[in-house]
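Because the structure is a prediction, the values reported are computed rather than measured. Note on naming: letters A, B, ... go to the chains in the order of the sequence lines (proteins, then strands), and numbering restarts at 1 for each one. Computed over heavy atoms, backbone and side chain alike; hydrogens, waters and symmetry mates excluded.
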Protein chains: 2
Amino acid sequence: MTFHDRARFPRGFRCASRNVGLKPEARDLTLFASDVDAAAAAVFTRNQFPGAPIILGRETMRGGTLRAIIANSKVSNVATGERGVENARRMAAAAAAELGTDAGKVLVSSTGVIGVQLPVEKIEAGVRGMKADLQDDPLVGAEGIMTTDTHPKALSASVGEATITWIAKGSGMIEPNMATMLAYIFTDAAIAAATLDRLLREAVHVSFNMLSVDTDTSTSDTCVILANGLAGVVDEAAFREALTAGCVRMTEILARDGEGAEHLLRVTVREAVSDAEARLVAKSLVNSPLIKTMVHGADPNVGRILMAIGKCFEATVNTSATSAWVNGYQVVGNGQRLEFDDAVVRSALAVEVVDLEVALGAGSATARAYGCDLTKGYIDENAAYYSS
Amino acid sequence: MTFHDRARFPRGFRCASRNVGLKPEARDLTLFASDVDAAAAAVFTRNQFPGAPIILGRETMRGGTLRAIIANSKVSNVATGERGVENARRMAAAAAAELGTDAGKVLVSSTGVIGVQLPVEKIEAGVRGMKADLQDDPLVGAEGIMTTDTHPKALSASVGEATITWIAKGSGMIEPNMATMLAYIFTDAAIAAATLDRLLREAVHVSFNMLSVDTDTSTSDTCVILANGLAGVVDEAAFREALTAGCVRMTEILARDGEGAEHLLRVTVREAVSDAEARLVAKSLVNSPLIKTMVHGADPNVGRILMAIGKCFEATVNTSATSAWVNGYQVVGNGQRLEFDDAVVRSALAVEVVDLEVALGAGSATARAYGCDLTKGYIDENAAYYSS
């Protein structure tokens with residue numbers, strides 16, 4: 001699948017973003033709107049302390065129809081009790097009033113510090129007039145939801161007559177500073193909400209749900225897709241393939257832009273006995289601080305690969321038939337470290353995208369996980385977030 | 001329980017350590033010996049790629065009797081195949097010959113880089129004459145097994161007429177550089193091997209198994225206890241209490257000396273529905289990079305405590321009755337962040353030992369986990385171990 005050189009919106013979708021005083025100067029409020037009602041599906045964080053927007057969002061998504069998304073940064077409206085949920089409702093109502101739609105068709109997102117009440121009056125005042133700002137460039141919306149991201153993230157691609165557009169922020173399934181993952185997907189293909197839900201879950205299973213920057217699952221993660229139907233019906237298989245490809249690509253972009261990251265780390269596990277075990281081992285490798293620091297330092301300490309596989313006590317591993325490759329160069333065979341030229345492995349690790357591939361010798365299932373290296377930048381960004 | 005001001009050995013135990021050329025200058029070979037046969041019990045790593053000394057050790061421990069332990073650093077003899085196991089046997093045989101005992105009564109430990117064959121000839125040559133070096137100070141042995149530890153670690157305490165001595169190294173259940181955890185416990189109490197095994201497992205359950213510096217389980221972790229009986233029978237309840245107290249204290253010492261650590265982080269979880277869930281949540285908190293960096297920076301970003309509880313999807317959490325304290329100062333109540341003076345929480349976090357306490361409001365089980373903060377020192381030590 002080919003992504004457009006410059007991301008654009010599907011027919012009928014526009015966005016706007018502005019500063020409403022939550023942050024000193026940066027854009028902190030964003031509005032995405034469809035000209036007509038859109039079928040919609042969403043997946044939210046599994047964290048047991050979901051933010052107020054997630055609590056409200058689950059209720060909103062029962063309708064299966066969205067007209068708009070309103071998102072603020074700086075304050076995540078998490079652990080704020082009933083007042084927090086009430087503030088999320090006020091935010092939806094303000095966006096609905098501005099756009100002339102029902103609050104039940106507006107999804108709310110908030111990202112930022114946990115445990116602080118939302119300055120909802122600033123949002124209510126700030127959203128007024130935003131309808132006039134709505135424009136065609138997805139990057140304006142992508143910029144508006146940025147927190148610790150180093151660049152705005154938007155992709156788009158064509159499927160027949162339809163377009164799919166992905167906009168995301170966040171550095172991962174993490175709550176590093178304000179880097180909750182928010183992923184918004186827009187399409188003008190005509191797809192029923194139930195189908196959309198199934199296709200979204202399939203795509204998320206192999207993309208965003210295989211992303212980890214630091215193992216810390218945010219209380220605000222949200223991935224939503226809106227289909228307004230303006231391009232008519234498209235081939236479902238082609239749509240499914242495109243949707244998944246875009247979610248995987250966006251996952252790679254988010255991993256590469258993880259907090260402090262200097263490398264994208266992709267881990268592929270083959271020959272597992274099940275999808276679940278392949279995913280378990282891939283996540284173990286992508287999350288291991290010792291694998292992450294090995295990649296960071298381009299240090300050919302590849303024995304750590306066996307350690308990170310072996311600590312998955314529940315996985316079936318054929319320990320005498322386990323193999324591993326670093327960017328295509330085999331470093332482990334028959335469960336033992338091979339003799340190799342350190343300089344070659346060092347070079348293989350010293351590139352921006354590091355692929356670790358592991359074969360467990362136990363079955364035929366495969367999974368891939370996405371992450372990044374662990375750097376001092378991560379510690380700088382996270383040892384003083386609240387205070388800075 | 002009171003530990004001795006300076007650690008000493010129980011009757012009949014001695015140790016020696018020297019440099020045999022594995023490292024440039026530092027002591028790299030250590031011998032612990034009992035004058036008489038000792039009942040023994042051990043627990044080893046659950047990693048699926050155990051080192052050759054672990055494979056041999058499981059065989060050795062079936063005898064239930066030990067006379068000595070021989071340990072080297074620099075090379076861990078892991079992922080080295082049959083030749084590795086043969087080298088471990090040669091190491092045991094060399095120590096047995098030097099001490100005039102059977103190789104089946106010698107436990108072998110190796111710690112260091114994974115996937116490199118052991119220079120066993122250096123060890124065989126080096127162990128000759130070590131019997132004459134055997135002496136009474138446990139710190140000599142503790143120093144001999146150090147790798148990235150910043151100080152040798154030994155404790156001792158009295159139980160009736162008997163003494164228990166703990167010697168350990170390692171910075172955790174981790175394989176950071178060469179920081180496999182090795183913990184050796186010696187006593188002159190008379191205890192049968194089966195009882196010893198039960199008491200050891202109980203103690204390890206609440207101590208070393210609740211320690212995590214970086215989530216990475218070493219391929220070489222070993223905890224062994226030797227009881228030579230020279231002090232006769234002691235009260236089992238008193239012995240059990242002392243054994244556990246010493247294991248917990250040693251766990252704290254190891255956590256505080258984790259790679260790059262500047263704080264000891266103790267997490268106590270109360271009001272869980274089961275021991276397993278209390279342990280799960282305590283480990284989630286002690287392992288969260290965002291909790292660890294919060295402690296490192298003394299940043300009162302305590303909403304992260306709820307995030308790290310909430311990401312335990314399997315745990316029963318009463319989210320409207322969850323509370324949390326930082327060094328005794330309550331920061332979360334009824335599942336919401338309380339209003340507090342940032343400066344007070346900042347001060348509570350800025351001390352060497354940080355206690356996080358969490359009440360889940362769901363049951364009556366309690367568990368405590370031990371860890372440390374995440375610092376740039378960890379990254380420095382682990383981004384270039386192999387190369388340095």
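Looking only at distances, no side-chain donor or acceptor of A/Asn382 sits under 3.5 Å from a matching main-chain atom of B/Thr293. For B/Gln48 (side chain) and A/Ala315 (main-chain N/O), a donor-acceptor pair under 3.5 Å exists by modelled atom type.
Heavy atoms of B/Thr375 lying under 4.5 Å from chain A belong exclusively to its backbone. Both the backbone and the side chain of B/Ser288 come within contact range of chain A, with heavy atoms under 4.5 Å apart.
Applying the salt bridge (Lys or Arg N to Asp or Glu O under 4.0 Å) rule to pairs touching residues 306-319 of chain B yields A/Asp216-B/Lys311, sequence neighbours excluded.
Counting heavy atoms from C-beta on, the side chains of B/Leu306 and A/Thr219 never come closer than 4.5 Å. Between B/Phe49 and A/Val332 there is no side-chain heavy-atom pair separated by less than 4.5 Å. Residues A/Thr80 and B/Gln336 form no side-chain contact, since every pair of their non-hydrogen atoms from C-beta on lies 4.5 Å or further apart.
Atom CZ of A/Arg58 sits in a crowded spot, with more than 12 heavy atoms from other residues, nucleotides or ligands closer than 6.0 Å.
Residue with the most contacts toward chain A among B/Thr45, B/Leu374, B/Asn47: B/Asn47 (heavy-atom pairs, distance under 4.5 Å). Ranked by heavy-atom pairs under 4.5 Å with chain B, the first of A/Gly84, A/Ala79, A/Ala308, A/Pro289 is A/Pro289.
Listed here is the closest heavy atom pair of A/Ile114 and B/Met307: CD1-CB, 4.2 Å.
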